[in-house]
Amino acid sequence: MANAILIPGKEKRVYSGHPWVFRSDIARVEGDFTPGDIVSVYSSKGKFLAKAFYNPQSQISLRIMSLHDEPIDRAFIFRRVKEAVDYRRMFADLRSCRLIFAESDRLPALIVDSFGDVLVLQCLALGMERFKQDVVDALVEEVHPQGIYERSDVPVRRLEGLEQLTGVMYGTVPDRVEMVENGVHFWVDVKEGQKTGFFLDQKENRAAIAPFVKGKTVLDCFTHTGSFALHAGHYGAKEVTGVDISAFACEFATENARLNGLENVVHFVEANAFDLLAEQSRAGVKYDVVILDPPAFTKTRSAIEAATRGYKEINLRAMKMVKPGGYLITCSCSQHILPDAFMQIVRDAAHDAHVQLRQVEYRTQAPDHPILWAAEESYYLKFYVFQVVDEKLSLIHISEPTRQEAI
């Protein structure tokens with residue numbers, strides 16, 4: 001086994017608990033290795049730090065598997081998979097949840113989502129690629145799925161020297177799988193849908209909208225396959241409009257509405273949400289509730305400024321379209337837009353929209369997507385419920401009265 005020796009001072013990152021070591025932090029690697037091998041990681045002074053996958057081609061060259069000097073083998077993988085599943089058994093429906101959340105479950109670069117009887121697996125790193133069959137065998141032992149489908153069809157794999165892959169890994173997998181979330185039925189396109197087919201990280205947040213939508217008119221922007229829109233209908237909304245730029249997404253969402261008997265309450269419009277918000281805002285269209293759940297506007301730090309402008313625009317438009325006393329439900333899943341930054345974006349949008357917001361609730365991702373505090377990358381989802389309590393704030397700054405004026 002080869003040894004990776006870190007540059008003096010760079011061991012602090014490992015001590016902090018972060019599971020990544022960058023290529024620029026490595027002084028040298030001693031011994032023979034093949035990219036993707038497990039190596040022992042040492043400080044510059046020779047102290048053992050961790051066992052990690054090593055891939056010199058990747059900027060994230062070391063992905064830590066264990067802080068203990070122990071074998072990383074099939075038995076190790078089985079233990080980690082069991083620990084991940086057992087954690088979710090305490091609170092989750094194993095037929096609609098994320099079973100493995102990568103570094104947060106100490107299985108770097110590995111995602112496994114569960115939809116009904118089918119699991120969908122995504123592997124993003126060379127080291128974990130070597131253990132894929134062990135992962136599949138462990139999942140079969142723990143969960144007994146009908147089938148496991150691979151969706152490792154993401155460009156980031158090229159950074160690891162890997163090809164994009166899809167296909168059945170175990171059992172049989174239909175093109176579509178029916179899943180139930182919070183009592184709402186969904187068709188999930190596990191083979192062609194975005195990422196693994198459905199976004200499970202908002203499960204509890206979608207349930208949280210129930211008190212605010214009953215008997216209300218609701219606009220759901222960036223609806224994708226209708227998850228928030230259908231929850232609103234399920235929870236008694238009077239009328240729901242879901243908006244998505246994808247014709248396929250709108251057709252799929254309409255099928256989901258029929259699946260739930262909500263086709264007379266929930267309907268979908270193919271449109272660019274930015275354009276629709278601008279047009280309806282200018283036209284004075286109002287809703288009781290507006291929901292914003294856009295895709296990540298930035299995947300890199302270099303695009304933060306543009307993403308900030310995008311988030312501000314949609315929130316400003318949406319605020320103007322909420323009836324006084326109504327609710328804005330707004331989200332960001334961009335990990336590079338940190339919580340404080342998103343808060344400031346919303347604050348700035350409210351100022352420019354001349355509305356007063358009252359925060360009702362703040363939430364983050366579902367507990368089956370646990371946040372590893374040492375790795376801020378794992379904390380990506382921000383979810384707010386605001387009440388628009390006043391839509392006519394004055395543009396004139398009123399100074400604090402002097403003591404004499406107050407008297």
Side-chain angles (χ1 to χ4, degrees), residues 113 115 151 153 175-179 181-182 184-203 205-206 209 213 216-235 237 239-260 262-283 285 287-299 306-307 309-319 321-322 327-334 381-383:
D113 285 342
F115 307 115
R151 286 295 305 275
D153 52 349
D175 292 341
R176 293 182 178 183
V177 177
E178 185 175 347
M179 179 197 73
E181 179 186 271
N182 303 320
V184 184
H185 293 251
F186 291 94
W187 288 115
V188 180
D189 185 350
V190 297
K191 294 182 179 179
E192 300 292 339
Q194 288 189 35
K195 295 192 175 179
T196 61
F198 189 87
F199 298 102
L200 293 162
D201 52 2
Q202 294 268 34
K203 182 176 184 176
N205 299 341
R206 287 188 277 261
I209 73 172
V213 299
K216 306 298 185 182
T217 58
V218 179
L219 176 67
D220 175 27
C221 295
F222 310 96
T223 193
H224 190 225
T225 53
S227 54
F228 271 105
L230 292 171
H231 274 77
H234 177 73
Y235 292 134
E239 182 180 359
V240 184
T241 302
V243 180
D244 202 277
I245 197 170
S246 165
F248 175 78
C250 290
E251 292 168 6
F252 206 93
T254 300
E255 289 187 44
N256 282 331
R258 284 195 291 267
L259 184 63
N260 289 275
L262 293 171
E263 61 269 34
N264 294 327
V265 176
V266 184
H267 67 282
F268 297 94
V269 176
E270 179 191 347
N272 183 313
F274 281 88
D275 295 340
L276 183 138
L277 285 167
E279 292 165 7
Q280 293 199 351
S281 176
R282 285 193 295 266
V285 178
Y287 296 88
D288 296 307
V289 181
V290 177
I291 301 170
L292 301 176
D293 183 25
F297 285 165
T298 175
K299 299 288 188 181
R309 290 195 299 270
Y311 281 120
K312 182 179 177 182
E313 179 182 344
I314 61 173
N315 278 278
L316 187 155
R317 300 290 185 186
M319 290 173 192
M321 294 167 62
V322 176
Y327 294 89
L328 170 68
I329 297 170
T330 184
C331 317
S332 166
C333 63
S334 299
L381 183 61
K382 288 76 64 179
F383 173 96

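What you see below is based on every heavy atom in this structure, not just the backbone, and it leaves out hydrogens, waters and symmetry mates. The first residue of the sequence shown is numbered 1, and numbering continues consecutively from there.
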Q | Close side-chain approach of Asn260 and Val266, heavy atoms under 4.5 Å | A | no
Q) Can you tell me if Asn272 uses its side chain to pair, donor with acceptor, with the backbone of Ile245 under 3.5 Å? A) no
Q.
Atom CD of residue position Glu263 - does it have more than 12 heavy atoms of other residues, nucleotides or ligands inside 6.0 Å?
A. yes
Q) Nearest 0.5 Å, what's the CG-CZ distance between Asp293 and Phe228? A) 5.0 Å
Q: Please check if the side chain of Arg317 supplies one atom and the backbone of Phe274 the other of a donor-acceptor pair under 3.5 Å.
A: no
Q | Stepwise side chain to side chain contact (heavy atoms under 4.5 Å, CB included) check, Phe198 with Glu181 | A | CA-CA 11 Å; Phe198 189 87; Glu181 179 186 271; 3.4 Å; yes
Q | Donor-acceptor pair, side chain of Thr217 and main chain of Tyr287, under 3.5 angstrom | A | no
Q: Quick one: closest heavy-atom pair of Cys331 and Pro294, and the distance?
A: O-CD, 3.5 Å
Q: Using modelled atom types only, decide if a donor and an acceptor are shared between the side chain of Ser334 and the backbone of Phe297 within a distance under 3.5 Å.
A: yes
Q) Which pair of non-hydrogen atoms, one from Thr223 and one from Asp244, has the smallest distance, and what is that distance? A) N-OD2, 3.6 Å
Q. Is the backbone of Trp187 close enough, under 3.5 Å, to the side chain of Asn256 for a donor and an acceptor to pair up by distance?
A. yes
Q) Roughly how far apart are Ile329 CD1 and Phe383 CZ, rounded to 0.5 Å? A) 5.5 Å
Q. Is Phe115 close to Thr196 at the side-chain level, that is, under 4.5 Å between some pair of heavy atoms?
A. yes
Q) Quick one: OG1 on Thr225 to CD on Gln194, what's the gap to the nearest 0.5 Å? A) 8.5 Å
Q.
What's the separation between atom NZ in Lys382 and atom CG in Asn205, rounded to the nearest 0.5 Å?
A. 12.5 Å
Q | Over all atoms of both residues, closest heavy-atom pair of Ala271 and Val243 | A | O-CG1, 3.6 Å
Q: Could you pull out the closest heavy-atom pair between Gly226 and Phe268, with the gap in Å?
A: CA-CE2, 3.8 Å
Q: Hey, could you give me the CG/CG distance between Leu277 and Leu292, rounded to the nearest 0.5 Å?
A: 6.5 Å
Q. Any side-chain heavy atom of His231 within less than 4.5 Å of one from Gln202?
A. no
Q: Kindly say whether Val240 contributes a backbone atom to a donor-acceptor pair with the side chain of Asp220 at under 3.5 angstrom?
A: no
Q: Please report the closest heavy-atom contact between Tyr311 and Pro295, naming both atoms and the distance.
A: OH-O, 4.0 Å
Q. Just wondering, do Thr330 and Ile314 contact through their side chains at under 4.5 Å, heavy atoms?
A. no
Q.
If you apply the rule side chain to side chain contact (heavy atoms under 4.5 Å, CB included), what do you find for His267 with Thr241, and how did you get there?
A. CA-CA 5 Å; His267 67 282; Thr241 302; 3.1 Å; yes
Q: Search all heavy atoms of Cys333 against all heavy atoms of Ala296 and return the closest pair with its distance.
A: SG-N, 3.4 Å
(Q) Using side-chain heavy atoms (C-beta onward) and a distance below 4.5 Å, is Arg206 in contact with Val184? (A) no
**Q.** Residue pair Tyr235 / Val218, side-chain heavy-atom distance below 4.5 Å
**A.** no
Q.
Taking side chain to side chain contact (heavy atoms under 4.5 Å, CB included) as the criterion, tell me which of Glu192, Arg176, His224 meets it with Phe252.
A. Arg176
Q | Inter-residue atom distance Phe199.CZ - Asp113.CG, 0.5 Å rounding | A | 10.0 Å
Q. Backbone N or O of Lys203 within a donor-acceptor pair of the Asn182 side chain at under 3.5 Å?
A. yes
Q. So, the side chain of Arg151 versus the backbone of Gly193: is there a donor-acceptor pair under 3.5 Å, distance only?
A. yes
